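One-based numbering along the sequence shown. Keep in mind the model is a prediction, meaning the values are calculated, not measured.
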Amino acid sequence: MRNPQFTGTLEAANEASARADFSRAMRDALALHPRSISPKYFYDAEGSRLFDRICELPEYYPTRTELSILRERAGEIAAQIGPRAEIVEFGAGSLTKVRLLLDALKSPSRYLPIDISGEHLAGATARLQADWPELGVHPIVADYTRPFGLPPKTEGSGMRVGFFPGSTLGNFNPDEALAFLQLAARLLRGGGLLLGVDLIKAPARLHAAYNDAQGVTAQFNLNLLRRANAELDCDFDLAGFDHAAFYNAPLQRIEMHLVSRRSQQVQLAGERFHFEEGEALHTENSYKFTIDGLRALAVRAGFGIGPVWTDPDRLFSVHWLPAAQ
Ligand code: AVI
């Protein structure tokens, strides 16, 4: 039985450790040059809300393009996976995408979403379970970028299938992406990974997707500083920083930065840090892939190569990557 007092204590402990981790990352970001911080710190409740708004923007093509691929190719995807599959989702996303997959599959047996936020998982899985009463739903609170285990497969279940949509792989640096895929290949032995990644395209299209006319991506970027002020002892002046996003063609990635509009000081827990006018805090990379480049990376990580599905304009790709036994 759940003990609400114990659950509350656990949640408070998790929150304190998440805050300590954010504080360390922010201090390193301010103290080291060039300044940079992991994009994972964007996602407090407000950051997640802003990201959901980004996904609806006319300029941000990845979400709706991936959804259209999943919708149109659901039958072919289901044929690769077969009946009674166990779906392991890396991150508990909006659930819209996994619903499309579950709808297409023949008698899926279990859904195991993995997310670092227990609260996010609880909300997402309760809604899914209500709509899929037959499905075994088994949420796992873990950081899927670090080694972790999965419960044994249930009797009579089919393939174990990883689902990693949204081009979140592109937010990892190349070493992290390889390490994640190696971990996934081990966890999914005998099954496979359904992976969505954004493709290299005309820089103008990429630029527009990260510099939307309504300024939602700018708010999402600046929210990092608002979050630092709210959760850490920081005093960032949000009006003192500009959102900057551009395509770095040689490195095949969009970079997002927060650029200081003037010479200024910021403090974190009593320690002061100086920003020159024009000095930047690098907040995100979003790598873009070629189909061959992604496949070469997957093979290095221990996957085989399966079919790839794209949209007619070849904006986005969804890959089926079989994992050897
Ligand atoms: C979550 N991730 C795949 C998004 C991306 O496109 O890299 C995050 C994002 N950053 C700005 N806009 C969207």
Peer 1: Counting C-beta onward and ignoring hydrogens, is there a side-chain heavy-atom pair between Leu112 and Pro139 closer than 4.5 Å?
Peer 2: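 SC-SC contact between Leu112 and Pro139 ruled out.
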
Peer 1: Any heavy-atom pair between the side chains of Glu86 and Met159 that's under 4.5 Å?
Peer 2: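 A side-chain contact is absent here, since even the closest heavy-atom pair is not under 4.5 Å.
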
Peer 1: Under the 3.5 angstrom rule, does the side chain of Arg272 hit a backbone N or O of Val266 as a donor-acceptor pair?
Peer 2: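 No; zero donor-acceptor contacts below 3.5 Å.
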
Peer 1: Taking the side chain as everything from C-beta on, heavy atoms only, tell me whether Tyr111 gets closer than 4.5 Å to Phe163.
Peer 2: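 Side-chain contact under 4.5 Å: no.
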
Peer 1: Measure the spacing between CG of Leu193 and CG of Leu181 and express it to the nearest 0.5 Å.
Peer 2: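 It is 7.0 Å, given to the nearest 0.5 Å.
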
Peer 1: Take Ile140 and Leu150 through the test side chain to side chain contact (heavy atoms under 4.5 Å, CB included) and record every step on the way to the result.
Peer 2: CA-CA 8 Å; Ile140 298 169; Leu150 287 175; 3.7 Å; yes

Peer 1: Is there a side-chain contact between Pro62 and Leu315, using heavy atoms and a 4.5 Å cut-off?
Peer 2: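 A side-chain contact under 4.5 Å is absent here.
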
Peer 1: Count I, L, V, M, F, W, Y as connected when their side-chain heavy atoms are under 4.5 Å apart, and connections chain through other members. Are Phe180 and Leu194 then in the same cluster?
Peer 2: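 Phe180 does not cluster with Leu194.
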
Peer 1: Determine whether a donor-acceptor pair (N or O, by modelled atom type, separation under 3.5 Å) exists between the side chain of Asp235 and the backbone of Gln267.
Peer 2: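 A pair under 3.5 Å: yes.
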
Peer 1: Rounded to the nearest 0.5 Å, what separates atom CG in Leu281 from atom CG in Leu258?
Peer 2: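 Result: 5.5 Å between the selected atoms.
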
Peer 1: Closest heavy-atom contact between Phe172 and Ala177?
Peer 2: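 It is CB-N, 3.7 Å.
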
Peer 1: I'd like to know if Leu195 and Trp320 are part of one continuous hydrophobic network [Ile/Leu/Val/Met/Phe/Trp/Tyr, side-chain heavy atoms within less than 4.5 Å].
Peer 2: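 Different hydrophobic clusters.
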
Peer 1: Would a hydrophobic clustering, with Ile, Leu, Val, Met, Phe, Trp and Tyr connected at side-chain separations under 4.5 Å, put Val308 with Phe303?
Peer 2: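 Different clusters.
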
Peer 1: In Å and rounded to the nearest 0.5 Å, what is the CD to CG distance from Glu72 to Leu67?
Peer 2: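 Nearest 0.5 Å value for the CD-CG distance: 11.5 Å.
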
Peer 1: Step by step, work out the side chain to side chain contact (heavy atoms under 4.5 Å, CB included) result for Gln219 and Arg53.
Peer 2: CA-CA 11 Å; Gln219 282 181 56; Arg53 277 185 66 199; 4.2 Å; yes

Peer 1: Looking at every heavy atom in both Ile116 and Val141, which two are closest together, and how far apart are they?
Peer 2: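 The pair with the smallest heavy-atom distance is O-CG1, 3.7 Å.
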
Peer 1: If you draw a 6.0 Å radius around CZ in Arg261, do more than 12 non-hydrogen atoms from other residues or ligands fall strictly inside?
Peer 2: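 12 or below, so no.
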
Peer 1: Would you say the side-chain atoms of Lys288 pair up with the backbone N or O of Ala249, donor to acceptor, closer than 3.5 Å?
Peer 2: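 Not a single qualifying donor-acceptor pair exists.
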
Peer 1: Under 3.5 Å, side chain of Ser317 to main-chain N/O of Val197, donor-acceptor pair present?
Peer 2: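 Yes, because the side chain of Ser317 sits within donor-acceptor range (under 3.5 Å) of the backbone of Val197.
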
Peer 1: Assess the side chains of Ser260 and Glu276: does a donor N or O sit below 3.5 Å from an acceptor N or O?
Peer 2: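 Per modelled atom types, Ser260 and Glu276 side chains form no pair under 3.5 Å.
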
Peer 1: Mind checking whether Phe220 and Phe51 have parallel, tilted or perpendicular rings, split at 30° and 60°?
Peer 2: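 Geometry flag for Phe51 against Phe220: tilted rings.
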
Peer 1: Taking atom types as modelled, is there a side-chain donor on Tyr41 or Asp21 under 3.5 Å from an acceptor on the other?
Peer 2: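 There is such a pair (donor and acceptor under 3.5 Å, judged by atom type) between the side chains of Tyr41 and Asp21.
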
Peer 1: Quick one: pull up CG in Leu128 and CG in Leu95 and give me the separation to the nearest 0.5 Å.
Peer 2: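 Answer rounded to 0.5 Å: 5.5 Å.
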
Peer 1: Can any side-chain N or O of Ser107 pair as donor or acceptor with the backbone N or O of Pro83 at less than 3.5 Å?
Peer 2: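 Side chain of Ser107 to backbone of Pro83: no pair is present.
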
Peer 1: Identify whether Leu169 and Val98 are in the same connected component of the hydrophobic contact network (ILVMFWY, side-chain heavy atoms under 4.5 Å).
Peer 2: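 Different clusters: Leu169 never reaches Val98 through Ile, Leu, Val, Met, Phe, Trp or Tyr contacts under 4.5 Å.
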
Peer 1: Looking only at side chains, do Asn285 and Asn248 share a donor and an acceptor under 3.5 Å apart?
Peer 2: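 No, no side-chain donor-acceptor pair sits under 3.5 Å.
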
Peer 1: Under 4.5 Å between any side-chain heavy atoms of Glu176 and Thr145, yes or no?
Peer 2: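 Not touching, per the 4.5 Å side-chain cut-off.
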
Peer 1: Please determine if Glu271 and Arg27 form a salt bridge, counting it only when a charged side-chain N lies under 4.0 Å from a carboxylate O.
Peer 2: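 Here Glu271 pairs with Arg27 in a salt bridge, since their nearest N and O are under 4.0 Å apart.
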
Peer 1: Please indicate whether Arg19 has more than 12 foreign heavy atoms, meaning atoms of other residues, nucleotides or ligands, lying under 6.0 Å from its CZ.
Peer 2: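 Yes, because the 6.0 Å sphere around CZ of Arg19 holds more than 12 heavy atoms from other groups.
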
Peer 1: Write down the atom of Ala92, the atom of Pro113, and the distance for their closest heavy-atom approach.
Peer 2: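 It is CB-CB, 4.4 Å.
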
Peer 1: Any luck finding a side-chain donor-acceptor pair between Asp311 and Thr65 under 3.5 Å?
Peer 2: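 No, no side-chain donor-acceptor contact under 3.5 Å.
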
Peer 1: Can you confirm whether more than 12 heavy atoms, excluding those of Gln182, are under 6.0 Å from its CD atom?
Peer 2: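 Result for CD/Gln182: enclosed.
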
Peer 1: Do you know the tightest heavy-atom contact between Leu50 and Val216?
Peer 2: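 Nearest pair, atom of Leu50 first, then Val216: O-CG1, 3.9 Å.
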
Peer 1: Are the side chain of Thr154 and the backbone of Ser157 linked by a donor-acceptor contact shorter than 3.5 Å?
Peer 2: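 Side chain of Thr154 to backbone of Ser157: no pair is present.
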
Peer 1: Judged by atom type as modelled, is there a donor-acceptor pair below 3.5 Å linking the side chain of Gln252 to the main-chain atoms of Ile200?
Peer 2: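 Not confirmed, Gln252 side chain does not pair with Ile200 backbone.
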
Peer 1: Side chains of Leu187 and Phe148: does their closest heavy-atom pair fall under 4.5 Å?
Peer 2: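 Yes. Closest side-chain heavy atoms under 4.5 Å.
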
Peer 1: Walk me through it: do Leu30 and Leu268 pass the test side chain to side chain contact (heavy atoms under 4.5 Å, CB included)?
Peer 2: CA-CA 9 Å; Leu30 293 174; Leu268 167 66; 4.2 Å; yes

Peer 1: Assess the residue pair Arg253 and Glu255 against the criterion (salt bridge (charged side-chain N to carboxylate O under 4.0 Å, His left out)); give the C-alpha distance rounded to whole Å, side-chain angles, the decisive distance to 0.1 Å, and a yes or no.
Peer 2: CA-CA 6 Å; Arg253 68 190 195 195; Glu255 294 185 15; 3.1 Å; yes

Peer 1: Exactly one of His207, His282, His257 should register a ring-ring contact (aromatic ring centres under 6.0 Å, His included) with Phe246. Which one does?
Peer 2: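 Between Phe246 and the candidates, ring-ring contact (aromatic ring centres under 6.0 Å, His included) is satisfied uniquely by His257.
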
Peer 1: Can you tell if the side chain of Val88 reaches within under 4.5 Å of the side chain of Arg160, non-hydrogen atoms only?
Peer 2: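 A side-chain contact exists here, since the closest heavy-atom pair is under 4.5 Å.
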
Peer 1: Measure across Arg295 and Pro307 and return the closest heavy-atom pair with its distance rounded to 0.1 Å.
Peer 2: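 Closest heavy-atom pair between Arg295 and Pro307: NH2-C, 4.2 Å.
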
Peer 1: Under 6.0 Å from the CD atom of Gln265, do we count more than 12 heavy atoms belonging to anything else shown?
Peer 2: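 Check passes, neighbour count above 12.
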
Peer 1: Indicate whether the side chain of Asn229 and that of Arg226 have a donor and an acceptor atom separated by less than 3.5 Å.
Peer 2: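 Arg226 and Asn229 do not have a side-chain donor-acceptor pair below 3.5 Å.
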
Peer 1: Report yes if the side chains of Ile291 and Leu199 come closer than 4.5 Å at any heavy-atom pair, otherwise no.
Peer 2: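 Yes, at least one pair of side-chain atoms sits under 4.5 Å.
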
Peer 1: Using a 6.0 Å cut-off, check whether atom CZ of Arg49 has over 12 heavy atoms from anything other than its own residue.
Peer 2: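 Yes, enclosed.
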
Peer 1: Could you tell me how the ring of Phe90 sits relative to the ring of Phe164: parallel (under 30°), tilted (30 to 60°) or perpendicular (over 60°)?
Peer 2: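 Judged by the thresholds at 30° and 60°, the geometry between Phe90 and Phe164 is perpendicular.
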
Peer 1: Do Asp313 and Tyr61 get their side chains close enough for a donor-acceptor pair, meaning under 3.5 Å?
Peer 2: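 Not at all, the side chains of Asp313 and Tyr61 share no donor-acceptor pair under 3.5 Å.
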
Peer 1: Residues two or more places apart in sequence or in another chain: which of them pass salt bridge (Lys or Arg N to Asp or Glu O under 4.0 Å) with Asp143?
Peer 2: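 Testing Asp143 for salt bridge (Lys or Arg N to Asp or Glu O under 4.0 Å), a comparison that skips the adjacent residues, returns Arg146.
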
Peer 1: Can you tell me how far the CG atom of Leu121 sits from the CD atom of Glu89, to the nearest 0.5 Å?
Peer 2: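 Here the rounded value is 10.0 Å.
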
Peer 1: Where the side chain of Asn211 meets the backbone of Ala245, is there a donor-acceptor pair that is under 3.5 Å apart?
Peer 2: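 Flag set: sc Asn211 to bb Ala245 pair under 3.5 Å.
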
Peer 1: Val318 and Leu100: same hydrophobic cluster, using ILVMFWY side-chain contacts below 4.5 Å?
Peer 2: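 Yes, Val318 and Leu100 fall within the same hydrophobic cluster.
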
Peer 1: Atom CZ of Phe289 and atom CG of Asp198: how far apart are they, to the nearest 0.5 Å?
Peer 2: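 It is 9.0 Å, given to the nearest 0.5 Å.
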
Peer 1: Is it true that a side-chain atom of Arg262 and a backbone atom of Phe275 form a donor plus acceptor pair closer than 3.5 Å?
Peer 2: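 Answer holds: no.
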
Peer 1: Carefully, step by step, assess Glu279 and Glu277 under the rule side chain to side chain contact (heavy atoms under 4.5 Å, CB included).
Peer 2: CA-CA 6 Å; Glu279 207 178 336; Glu277 180 183 352; over 6 Å; no

Peer 1: Identify the two heavy atoms, one from Met26 and one from Ala228, that lie closest to each other, and give their separation to 0.1 Å.
Peer 2: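 Closest approach of Met26 to Ala228, heavy atoms only: CE-CB, 3.9 Å.
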
